[in-house]
K.L.:
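Structure provided below as structure tokens; questions to follow.
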There are 2 protein chains.
Amino acid sequence: MGSLVYYFGDGSADGKADMRNLLGGKGANLAEMTRLGLPVPPGFTVTTEICTYFYQNDKQYPEALKSDVAAALKKMEKSVGAEFGSSENPLLVSVRSGARVSMPGMMDTILNLGLNDATVKGLAAQSGDERFAFDAYRRFIQMYADVVLEVPSYQFETVLTRCRREAGVQTDAELSAATLKKIVAEFKDIVSNVQHRPFPESVEDQLWGAMGAVFGSWMSNRAKSYRRINSIPEDWGTAVNVQAMVFGNMGNDCATGVAFTRDPSTGEKRFFGEFLPNAQGEDVVAGIRTPQPINAETAGKSSLPTMEKEFPKVYAELVQTYQKLEKHYRDMQDIEFTVQKNKLYLLQTRTGKRTASAAVRIAVDMVNEKLISEKEAILRINPQQVEQLLHPRLDPRAPKEVIAKGLAASPGAASGEVVFSSEDAEKRSHEGVAVILVRHETSPEDIAGMDAAKGVLTALGGLTSHAAVVARGMGRPCVAGCGELEIDYGRQIFTVGGITVKSGDQLTIDGATGEVFLGHVPTINSQVDEYFGKLMKWVDGYRRMGVRANAETPNDVRVARQFGAEGVGLCRTEHMFFGENRISAMREMILAMNKEDREIALAKLFPMQKEDFREIFRAMKGFPVTIRLLDPPLHEFLPHEGGIEELASTLKVSTEVLKARIRALKENNPMLGHRGCRLAISYPEIYEMQARAIVEAAAELHLGDRYEIQPEIMIPFVSSVEELRQIKKSLIAVCDRVLAEKGVKLDYSIGTMIEIPRAALLADEIASEAEFFSFGTNDLTQMSLGLSRDDAGSFLPRYVDLRIFAADPFVSLDQSGVGQLVQMGLEKGRSTNPKLKAGICGEHGGDPQSIAFCQKVGLDYVSCSPFRVPVARLAAAQAALR
Amino acid sequence: MGSLVYYFGDGSADGKADMRNLLGGKGANLAEMTRLGLPVPPGFTVTTEICTYFYQNDKQYPEALKSDVAAALKKMEKSVGAEFGSSENPLLVSVRSGARVSMPGMMDTILNLGLNDATVKGLAAQSGDERFAFDAYRRFIQMYADVVLEVPSYQFETVLTRCRREAGVQTDAELSAATLKKIVAEFKDIVSNVQHRPFPESVEDQLWGAMGAVFGSWMSNRAKSYRRINSIPEDWGTAVNVQAMVFGNMGNDCATGVAFTRDPSTGEKRFFGEFLPNAQGEDVVAGIRTPQPINAETAGKSSLPTMEKEFPKVYAELVQTYQKLEKHYRDMQDIEFTVQKNKLYLLQTRTGKRTASAAVRIAVDMVNEKLISEKEAILRINPQQVEQLLHPRLDPRAPKEVIAKGLAASPGAASGEVVFSSEDAEKRSHEGVAVILVRHETSPEDIAGMDAAKGVLTALGGLTSHAAVVARGMGRPCVAGCGELEIDYGRQIFTVGGITVKSGDQLTIDGATGEVFLGHVPTINSQVDEYFGKLMKWVDGYRRMGVRANAETPNDVRVARQFGAEGVGLCRTEHMFFGENRISAMREMILAMNKEDREIALAKLFPMQKEDFREIFRAMKGFPVTIRLLDPPLHEFLPHEGGIEELASTLKVSTEVLKARIRALKENNPMLGHRGCRLAISYPEIYEMQARAIVEAAAELHLGDRYEIQPEIMIPFVSSVEELRQIKKSLIAVCDRVLAEKGVKLDYSIGTMIEIPRAALLADEIASEAEFFSFGTNDLTQMSLGLSRDDAGSFLPRYVDLRIFAADPFVSLDQSGVGQLVQMGLEKGRSTNPKLKAGICGEHGGDPQSIAFCQKVGLDYVSCSPFRVPVARLAAAQAALR
């Protein structure tokens, strides 16, 4: 372990920006800003290594930490010209967490630390404002008691409410110094009653308590939950930043605010921010008071006075500062500042969170501004986030009733049932219901509920409130600060303009306009903008792997093509059998007692299949289409409870016979049952019909429109080369007969899914009979991990929480386990068939981390759902660049 | 390809005994006997390579075969002094199949080939017996038409029946030459009517037709079925043996018979056989006439005249011959002979099939006679067969009613429902019902039915009949030749001594005594004899791997110990939860809504678990006991249809609540669901209770009886080292607390099943937390092959038939697929934990081929069901010796 404590202040710092792993993002940037000569209050950072040490050593610190902290404090005292714990000129500090990546609102912060019954007098004397000093003191006690001592906050609120009533005032700001003194005394009584010991008077005890609480909060449930959602490793740990206090609430020549160097919502190049005069830092972020715009550009239709007008000199300094910061960091910055008696202080800078479209626009603009390179632009976009660009927006022609309008906090449209708590959001969403989470405001406890909801609507808070920041990060549409809403959690309703909306009612929000609509408003596909088009053009120049789509309806195939899919990687033919006319022929086929009857039913399905394939080939003109032959067990096509009588009469069999057949087809573990190519071993005529439909459709298009079509016929669920050999032989016979009849030469190929572990283990044998492999990582994951996706809901989340699995293996490929099989299958396959084409067609084909893995092991392409195609293209380029 | 045809005759031969792969067993031994100077009719063998060529070349033969066969025929003609196709002195031949291993009754045989309207006159003249000549001719036509031309046999039988009636005689033997001539004409008419061309007059056409039929029969369904049951590869092929005819039916100085050099049923050293005077070869084996004993030793209580008495000179020669053969081959021989006009001919010798106890006794005796070594004795016993030695026999004290007595054809006792066809045997057995197959006689078509039945009872046939030979080979108890039985297939009944037994009635047979009992007679465990004890002692001296048992009831554990198990390899604790008192506490535990209620229910189970473990430890005193903690998904313990109301009232919950809970626990693929150690991640208290019960039981026995007990606690269904690490930590805490409380030092170890593919792939990580591995190859097979054992019945047999899988992977380990994971798991595991103890506890632990694999990859032990322990010990020794 190196230094334990990194000091910054007065233009020099022990740390710098590239030390974020050690100092956390906040600490590294405070050091960097100090080095840049920006006005940063002095302070020091306790490293993330101490956090790791803390958890590995039963919550103890290394020996040397005590003296190192004391030394750093001494330097701060010297810089500020005040003394920690002094009753005459006390140094006050803030204690903040700062992890490697920004985790907004997740870690606890303590302000005004260093106040006690003696030092508060010094603060009063120094500031010349006793009211201010005692207000700072009561805030400190309340915050410290809540975060460090775990004394429930409502007890303090009860006292404040009573005192306001007794004083006949509306806000805490109107309370007198005398009242505040009384409140401080009452607060301390509350603490000693709950804790059975007095509130700590020793400023050192205060400091170490606060540091312990910051480290402790790293393992809080909400921090764990955030890390899980964002795939942040637990062992990164957090740093602690101790910094001299500056005050934005010392009078009307004080203020505090946050700003973005470009518009985080659209990416437009304009300085953008909010501030509150005479307020302490957290007041802006918490969203309790509605903040004022910093400048005319931010103001929009707001009539509140801007900082530009109220603090013109400080504002000018702020503009210079933001320009310096953006140029230095070469990215859009999110900055926090405080104005104390007309002097500007920078408290934080960090890379600003932004919407997907803002991210794209900023990256493209910065390339044009020659601030960054194309490669940097590509690497800077989070592929996961890109998907939201492509999501549907409200159909402009649909009738809709606007019932309220709030702030356009996170773009995108969403509809769903109204719920009023995160618990309900999670519960209903788990039941498959789309929900809109409606809250007064959100807090870190709501992270999981926000993630579960399709959209978020809040009554309070600005564009930088918790709800807005988190929703943008998650890509959830959000309307914030919709003040007209009167929410009654108790009755589970809200009212607005005389309309009452209750829990369970349908609601639609448009996060791009801030509008709220009653009922479900239909959506249409989004159009991508010029910036996105430019970025994706660069992307395609850098990636090595192809990107295809998993699609089977002609419409999906067309959408996939628009999104840049270079072929269909997985066309699941069984999806075609569920249509009205088809399901009945399918059932007839399944219930046939002999080959002849089965062939009669298959003959009914044949023309429909052929027409499907013809449409898909047309839409994918010039690109390969991989068609997977029938895969699921036959019982999936039969009714389970209702509909048996009806089906029996359609099929002209007795219900008894039908029920017996359904019983006979029932399986204990259908996942591992009579499915995939096992069906073709039992009933070769099924695959033969499908192969004929594929090749006839391709041959006729070739004859008609001279299309160059290369159908890829894919045999699913292969576990043995012999299985593939026998089926392939029968299919080649069928295909070649069709081509001979039509007099067409056509390159079709036959390959297989690698989705059973044995197939990966014996891929060398299998590749000798296969022209291509497509890794079916959904099933491969199920079998390799012994994990049924349908059943894992009851325990898998706990597995991810406990870090037994690093991530949900159905979302992100289990690289160390399943990945071994993919790599082995590919290497073995290429060892016997060097020309083998190989891709992946599980859900993982659209997951950026999994795509990086595919690049690493050398797959030729990935295939994913149409909306994820741009995500995959970007991720593939990033993987190639890394 | 070398020579196509191997000649033998007059004391010299092209082939010899060690060429059985090329010449088949029969051909190699005919050559060897000829070399030994034994009286073998001359002939030649067409090699198995021709069979392979035949199937690889669209049923064509190599060019040179024609001339090679012609040349060999010439040598035969010269040796016999007759001419193939001559109307004066015709050479007649037999055409027989002969595969590498004996496949009794599976391949078709044609006798008297070379007869036509011209040569039959020569045969009449040469034999001086026109009746004999035409009888031979009609037999030939019938046999040839059936086997080569596929003319249904019943048409010929109809003619014979009519002619017997018209002639007023009972048997074919009484038909006159004139009648037989008429019959020959009618037979030829039948053939030309069915075939639309005449019966082949050309003897060359006859010969090539017969050879083609022999090769063709290699791919008959019954041959395939036999190969599947006996794991015989299809590419071995069969040879064809063409040999000069000798006649046992040329008068009363002729005979034909079969004999064993030792008793194939008991192994006793006595010459043992049966013969029929004036009969053709196949009559003995077919079991249609009851044969006569060859000597007094064989006769037993039979009053029929012996060969020893009727043909004393020939018998003496036969005795010399058998002694020479046994000494030469150093094993018990099964020989076929024919006496033509008082001259002895040997037609076949082969290693005789024998019962398991005979195999053991013969091997041990031969070591004592210094004929073979201990190692040879060990390698000679088929481990599969040994199991039958240990199967239960009838309880001598049980009341039982003997209703009939037949021949003791294959030892062992069996009870079951009576069925009258092999189809019914297969069907009922598939439904889980034990059946006894009752037939007039059995034929190769019955192989699968016999395999499915618990025992076989026939009305006809001797100790060397098809039923007897096949049943002995399969280890199925069999009573043959029970002539009192009057079977009516049509009414599905049999009657005996006034008693009527119908299909579905319970019947018991004792294949060691030939007795048949009405109803179900209870059985007791078998005692092994001195020979077996001696053999197993040798066995244990040669094997490297340990052998343990899968057992959980104290009784099973004791049986396992008696059979030589060196510990318990798999004690499945869930089996203990199904008892009357336990299931209700178990259900209470499952339905508990919180940890407290769950712990109350677990506290009820605790004392019972502890008592179970105490009993098992006692029975396995001094040996390790591996206890697998709870494995199946919880819903397996809940009622599915009935019993819900009752359970609800027992548990004092509403049926609605109970049904909802059952629904919630239901899984789509329970095999891949919430089971194994996943339960312990959700509910740590379950495993903690079990661990406490194990260690308390062990500690108390240690304190009480100073037992040295080393419990091995096994965590099932591990897929990640982190899972194991977390559970292990909690179990160690529990165990160490118990030991500290009791003040006992005890070596317990904690290990894991390797049964999920991922666990094998990441065995290096997992071994860092495991003291032992037990490969759970049942589940590993299910997951690696994507094959649910419960559901595979609908297609797996076809997979084996089509050779997609070499064998049923649940019976014999899939070495190329699953085996890779076992080997990888072991190697990776030992790479990080060189002290790792590793065994196998799937069904494969008792399968000899799988055991050989375990030896090869270096496992420390195998574990199997108690009755298979001796099988495994033997197989382990053989694997070590090979």
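Note that these values count all heavy atoms, side chains included, but never hydrogens, waters or copies made by symmetry. Just so we're on the same page: letters track the sequence lines, and every chain starts at 1. Fair warning: this is a prediction, and the values are worked out from it, not measured in the lab.
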K.L.:
Would you confirm whether R587(A), through its side chain, and F637(A), through its main-chain N or O, come within 3.5 Å as a donor-acceptor pair?
P.N.:
yes
K.L.:
Go through M671(A), K666(A), R725(A) and name the one with the most non-hydrogen pairs under 4.5 angstrom from chain B.
P.N.:
M671(A)
K.L.:
Identify which part of E723(B) has an atom lying under 4.5 Å from any heavy atom of chain A, answering side chain, backbone, both or neither.
P.N.:
both
K.L.:
Relative to chain A, which segment of R798(B) carries a heavy atom at a distance below 4.5 Å: side chain, backbone, both, or neither?
P.N.:
side chain
K.L.:
Go through the atoms of R803(B) and report whether side chain, backbone, both or neither lie under 4.5 Å from a heavy atom of chain A.
P.N.:
backbone
K.L.:
Can a donor-acceptor pair be found, under 3.5 Å and without considering hydrogens, that links the side chain of K728(A) to the backbone of I750(A)?
P.N.:
no
K.L.:
Name the option with the most non-hydrogen atom pairs under 4.5 Å to chain A; the candidates are V818(B), L821(B), L761(B).
P.N.:
L761(B)
K.L.:
Under 4.5 Å heavy-atom distance to chain A, tell me which part of S720(B) shows up: side chain, backbone, both or neither.
P.N.:
side chain
K.L.:
For a quick check under 3.5 Å, do E667(A) and H674(A) share a side-chain donor-acceptor pair by atom type?
P.N.:
no
K.L.:
Applying side chain to side chain donor-acceptor pair (under 3.5 Å) between R428(B) and each of H430(B), E426(B), E431(B), report the one that passes.
P.N.:
E431(B)
K.L.:
E755(A) versus chain B, heavy atoms under 4.5 Å apart: side chain, backbone, both or neither?
P.N.:
neither
K.L.:
Chain A heavy atoms under 4.5 Å from L796(B): which part of the residue, side chain, backbone, both or neither?
P.N.:
neither
K.L.:
Has the side chain of E827(B) got a donor or acceptor atom that lies under 3.5 Å from a matching backbone atom of M824(B)?
P.N.:
no
K.L.:
Considering only heavy atoms and a distance below 4.5 Å, find which of P633(A), A759(A), A664(A), P670(A) pairs most often with chain B.
P.N.:
P670(A)
K.L.:
Between A792(B), S719(B), G676(B), S784(B), which shows the greatest number of heavy-atom pairs under 4.5 Å with chain A?
P.N.:
S784(B)
K.L.:
Salt bridge check, D779(B) against R789(B): does any charged N sit closer than 4.0 Å to a carboxylate O?
P.N.:
no
K.L.:
Looking at A760(B), S816(B), S682(B), which makes the most heavy-atom pairs under 4.5 Å with chain A?
P.N.:
S816(B)
K.L.:
Could you check whether D631(A) pairs with R675(A) (Lys NZ or Arg NE/NH1/NH2 to Asp/Glu carboxylate O, under 4.0 Å)?
P.N.:
yes
K.L.:
Got a salt bridge between E574(A) and R628(A), using NZ or NE/NH1/NH2 to carboxylate O under 4.0 Å?
P.N.:
yes
